[in-house]
Amino acid sequence: MRRTIGWSWMAVAGFAVASVGLIAVLYQGVEPFTYYGIRFGSTQFLPNSTAGLALFVAGTALATAACLVDARRTAQHWIHRLDWFFALVGVAAIWALVAGFFESGRDRWVWHLCCLTVLAASGWYLWATMVIRLRAGTLAETIFWPKVFRTLPLNQFAGIFVLAVVAIATFVLVAGAQSAVQAAVRSGPYRDLSLTWWLIGEWGTKVGLAGLTLVAVAVLCHSILSITAAKEAAVEARLREERFRAELITNLTHDLRTPLTSIVSYVDLIAKLDLPEPRLVEYTGVLTRKADRLKGLIGDLLDASRASAGNLPVRLQPIGITEILSQVAGDFDDALTARRLSWVGPPPAADLVLADGGHLCRVLENLVGNAAKYAAPGSCVHADLDRSPRWLRLRIANLTVEPLTLAPGELTAQFVRGDAARTGEGSGLGLFIADRLTQLMGGRLTVTVDQNRFTAAVELPIPQPAASQPVSAADPVRR
């Protein structure tokens, strides 16, 4: 700690010696400073110009060395974390302002002392902070505008607009500072500078307004960066939560499958025994049905977690979708007949889509099964195809018993079911799994609701003509 403080004081001492040397050079050999040096009687206390130049060089070297030695620690101080661009612009504006005050009070030595102190302090701060940031490697990260243009890239209108405003305001400020200094210097012994007029007419309009413009743009861009960072943090937190939930569901389903397998096995053994008690047979049947449903729910949970995390392999190939749909609809003949539902599918055709066979089967099973569970008894389930040069859309529509009050986007969320009472056999994961699997295959699932008419549409890409032979319903596409 003492060594650190020692290096800091050595830098201060070096800058003080350099300032004295620079003052000696000015007041001993540069007009009009030599005139005021003789008038104030300060030349007799100052070294000559040659000695002053030597003091300036030696003091600057000493201060620079002290800054370099302690740069890595000092670079973390807030004064060296200020924006480098605004430090440059601010010092330029301060020097222009000091020129006016300097000229206004040129006949008073106290005014000379105050103005020279401000000039030396600001100038040595710029030098010291530049040396420290370069040595510590923090100069680039303390410039504000590159961060802005990473968020608002220059290939967008917002980025181009901000860059144009910053460039124009910076040019106006630098040119205005030069003009303000020249206006202050033009005053002479017979034409004193009107400080009020100069502050308003020269420095205020040419330097102050440009500086305020830069500050306003910087504040606006900082707000944009803060909002963007908060949004990215929220997205990252949501992704982290989803990953945690997927891992939790995966672990739970694996843990539940072991005891469930034992329950199913023992119930199966009991059912095979020739037991005379009819109630035991009835209870065994109930246990079998509930265990099978629980097994299906656990399978849905596992599939949902894998599909949500994108951990399922995908093998895309040309597939005849009408054949797969006919096979899936045939598997649900008993469920459709039990609810007196009529199935009207598309006519057989050689319509190919680029999809994963197992995933496509699961998507169609979930959509047809959803219609078999929730369609109004005695109604009709329609399936038709829309073709375009690059996409094929399969629509499955049915009528529900009651109008659906949920938004279409909510129906594809996890654990959402059309019946709020949850009296059916669904898990609330069918549409969610179908949506995720469709996305993994490069397609899209859309759901529309019109009163009690429910429509699910699957869009899948059509393979190019040079693709391989189609996969038919007879091929082993199921997993």
Side-chain angles (χ1 to χ4, degrees), residues 19 22-23 26 30-33 35-36 78-130 142-149 152 158-225:
S19 299
L22 183 60
I23 292 173
L26 291 175
V30 179
E31 291 289 348
F33 293 98
Y35 166 78
Y36 293 107
W78 67 268
I79 200 170
H80 297 297
R81 304 297 299 179
L82 297 177
D83 185 79
W84 174 242
F85 172 82
F86 281 98
L88 288 173
V89 170
V91 169
I94 290 174
W95 282 7
L97 184 64
V98 169
F101 281 95
F102 209 151
E103 187 61 32
S104 177
R106 63 180 181 270
D107 294 330
R108 294 184 290 275
W109 68 269
V110 176
W111 212 243
H112 282 243
L113 180 63
C114 293
C115 291
L116 288 173
T117 301
V118 173
L119 290 174
S122 56
W124 291 128
Y125 164 73
L126 269 187
W127 177 258
T129 193
M130 182 185 67
T142 55
I143 301 177
F144 176 67
W145 298 116
K147 303 175 185 176
V148 173
F149 295 123
L152 302 174
I160 297 175
F161 178 78
V162 171
L163 178 62
V165 172
V166 171
I168 294 173
T170 303
F171 174 79
V172 171
L173 188 146
V174 173
Q178 181 182 3
S179 175
V181 171
Q182 291 176 349
V185 173
R186 280 197 298 267
S187 62
Y190 302 103
R191 187 169 64 90
D192 291 336
L193 176 68
S194 174
L195 186 60
T196 303
W197 170 86
W198 181 84
L199 285 174
I200 298 175
E202 290 290 335
W203 191 89
T205 56
K206 298 178 180 179
V207 179
L209 289 179
L212 287 177
T213 302
L214 287 173
V215 171
V217 174
V219 170
L220 178 61
C221 292
H222 184 269
S223 300
I224 294 175
L225 292 181

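Sorted by first then second residue, the salt bridge (Lys or Arg N to Asp or Glu O under 4.0 Å) pairs that include residues 207-221, not counting sequence neighbours, number zero. Annotation: salt bridge (Lys or Arg N to Asp or Glu O under 4.0 Å) contacts involving residues 80-90, sequence neighbours excluded, comprise R81-E141. Among residues at least two apart or in separate chains, there is no salt bridge (Lys or Arg N to Asp or Glu O under 4.0 Å) pair with a member in residues 120-129. For the side-chain hydrogen bond (donor to acceptor under 3.5 Å, both in side chains) condition, the pairs that include at least one residue of residues 85-100, sequence neighbours left out, are W95-S122. Legend: salt bridge (Lys or Arg N to Asp or Glu O under 4.0 Å) pairs involving residues 204-219, not counting sequence neighbours, sorted by first then second residue: E202-K206.
Here L97 pairs with F101, W198, L199, W203 under the side chain to side chain contact (heavy atoms under 4.5 Å, CB included) rule; sequence neighbours left out. Partners of W84 according to the side chain to side chain donor-acceptor pair (under 3.5 Å) rule, which considers only residues two or more places apart in sequence or in another chain, do not exist here. Applying the side chain to side chain donor-acceptor pair (under 3.5 Å) criterion to W109, with sequence neighbours excluded, gives no partner residue. Judged as a ring-ring contact (aromatic ring centres under 6.0 Å, His included), and not counting sequence neighbours, H80 has no contacts. In this structure, R108 has no salt bridge (Lys or Arg N to Asp or Glu O under 4.0 Å) partners at least two apart in sequence or on a different chain.
Atom OG1 of T196 and atom CD1 of I200 lie 6.5 Å apart (nearest 0.5 Å). Here OG1 of T129 is found 9.5 Å from CG of L88. Values are rounded to the nearest 0.5 Å. Note: W124 CH2 to L22 CG = 7.0 Å, rounded to the nearest 0.5 Å.
Side chain of Y125 to main chain of A87: no donor-acceptor pair is present (N/O by atom type, distance under 3.5 Å, no hydrogens or angles).
Smallest separation of non-hydrogen atoms from L113 and T117: O-OG1, 2.6 Å. Taking each heavy atom of F144 and L225 in turn, the nearest pair found is CE1-CD1, 3.7 Å. The nearest pair of heavy atoms linking V98 to C115 is CG1-CB, 3.7 Å.
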Which donor-acceptor pairs under 3.5 Å do the side chains of residues 160-178 make with protein atoms, sequence neighbours left out?
from, atom 1, to, atom 2, distance (Å)
T170, OG1, V166, O, 2.7

Name the atoms and distances for all side-chain donor-acceptor pairs under 3.5 Å in residues 208-216, with sequence neighbours left out.
from, atom 1, to, atom 2, distance (Å)
T213, OG1, L209, O, 2.8

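Aromatic ring orientation, F86 versus W145: tilted (interplanar angle from 30° to 60°).
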Would you please test V118 and C114 for side-chain contact (heavy atoms from CB on, under 4.5 Å) and show each step?
CA-CA 6 Å; V118 173; C114 293; 5.7 Å; no

